[in-house]
Amino acid sequence: GIQVEQSPPDLILQEGANSTLRCNFSDSVNNLQWFHQNPWGQLINLFYIPSGTKQNGRLSATTVATERYSLLYISSSQTTDSGVYFCAVMLTGTASKLTFGTGTRLQVTL
Amino acid sequence: GAVVSQHPSRVICKSGTSVKIECRSLDFQATTMFWYRQFPKQSLMLMATSNEGSKATYEQGVEKDKFLINHASLTLSTLTVTSAHPEDSSFYICSARDQTNTEAFFGQGTRLTVV
């Protein structure tokens, strides 16, 4: 099956710092989403980004489908950004199933 | 975005009993919903695909008789953990796609503890 690897696995930042999270996938996909899982377990949709670049406030994402990776940028990080960030992909022709990446655990400190 | 509601958010049950978890799409119809399981500090693993009006499709290694799925309407899917054991303790979360069938949205999740 498709492999979805995220890096780094863990990240500690001071408030105000910027960061880049990476998602590599091993096969062609036609859907990619980024999520933030808060401490209560809720998955918050960040981006639906099968290709190209999108921005939403302090967050932006870029997917280069031909090279099989996506990047999530967090600028001016805040303590509320803490949590786990997942990318999830849908393999072409797999009946809408999302396969989740390994996750990046982010902690933003004061 | 579309809203998916899951209930209960937390449940504690005794070994041997069954627990039912509901997943509802509040503002759209979902012919397909998905059930995931997440162990502490791990990623989400797909358990099964719930199809309205037909049998669910289970991922390899998931026991059909242990995890019963019913998708009786276009807005409701249920997951029943039967004869629960402590090893079934986990975080269960459902998902559905919006009307355009592109972006997936998730319920709040259910934390199951079997004692």
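Here is the naming used below: chain letters follow the sequence lines, and residue numbers restart at 1 for every chain.
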**Q** Only heavy atoms, only distances under 4.5 angstrom. Which residues in residues 32-44 of chain A are near chain B?
**A** A:Q33, A:F35, A:Q37, A:W40, A:G41, A:Q42, A:L43
**Q** Would you say B:V62 and B:V81 are hydrophobically clustered, going by side-chain heavy atoms of ILVMFWY under 4.5 Å?
**A** yes
**Q** Answer yes if A:L46 and A:V108 sit in the same cluster of Ile, Leu, Val, Met, Phe, Trp and Tyr residues linked by side chain heavy atoms under 4.5 Å apart, and no otherwise.
**A** yes
**Q** Quick one: are B:T102 and A:Y48 in side-chain contact, heavy atoms under 4.5 Å?
**A** yes
**Q** Closest approach of B:S43 and A:G101, non-hydrogen atoms and distance?
**A** OG-O, 2.6 Å
**Q** Kindly state whether the ring of B:F34 and the ring of A:F100 have centres lying under 6.0 angstrom apart.
**A** no
**Q** Where does B:Y36 contact chain A at under 4.5 Å (heavy atoms): side chain, backbone, both or neither?
**A** side chain
**Q** Please state whether the side chain, the backbone, both or neither of B:F91 comes within less than 4.5 Å of a heavy atom of chain A.
**A** side chain
**Q** For the NZ atom on B:K66, are there more than 12 heavy atoms of other groups (residues, nucleotides or ligands in this structure) within a distance under 6.0 Å?
**A** yes
**Q** Are A:L91 and B:M47 co-members of a hydrophobic cluster defined by side-chain heavy atoms under 4.5 Å apart?
**A** no
**Q** Please identify, among B:Q6, B:Q42, B:Q38, the residue contributing the most non-hydrogen atom pairs under 4.5 Å to chain A.
**A** B:Q38
**Q** Tell me whether B:Y92 is reachable from B:V114 by hopping between hydrophobic residues (I, L, V, M, F, W, Y) whose side-chain heavy atoms are closer than 4.5 Å.
**A** yes
**Q** Is the number of heavy atoms from other residues, nucleotides or ligands within 6.0 Å of CD (B:E87) greater than 12?
**A** yes
**Q** side-chain contact (heavy atoms from CB on, under 4.5 Å) between A:L98 and B:R97: does it pass, once the steps are laid out?
**A** CA-CA 11 Å; A:L98 276 181; B:R97 292 192 180 278; 3.7 Å; yes
**Q** Sub-4.5 Å heavy-atom contacts with chain B: which residues of residues 50-84 of chain A show up?
**A** none
**Q** Same cluster for B:L79 and B:F105 if Ile/Leu/Val/Met/Phe/Trp/Tyr side chains link at under 4.5 Å?
**A** no
**Q** Please determine, among A:N31, A:N45, A:T99, the option with the most heavy-atom pairs under 4.5 Å with chain B.
**A** A:N45
**Q** For B:L44, is it the side chain, the backbone, both, or neither that has a heavy atom closer than 4.5 Å to a heavy atom of chain A?
**A** both
**Q** Report which part of B:E59 has an atom under 4.5 Å of a heavy atom belonging to chain A: side chain, backbone, both, or neither.
**A** side chain
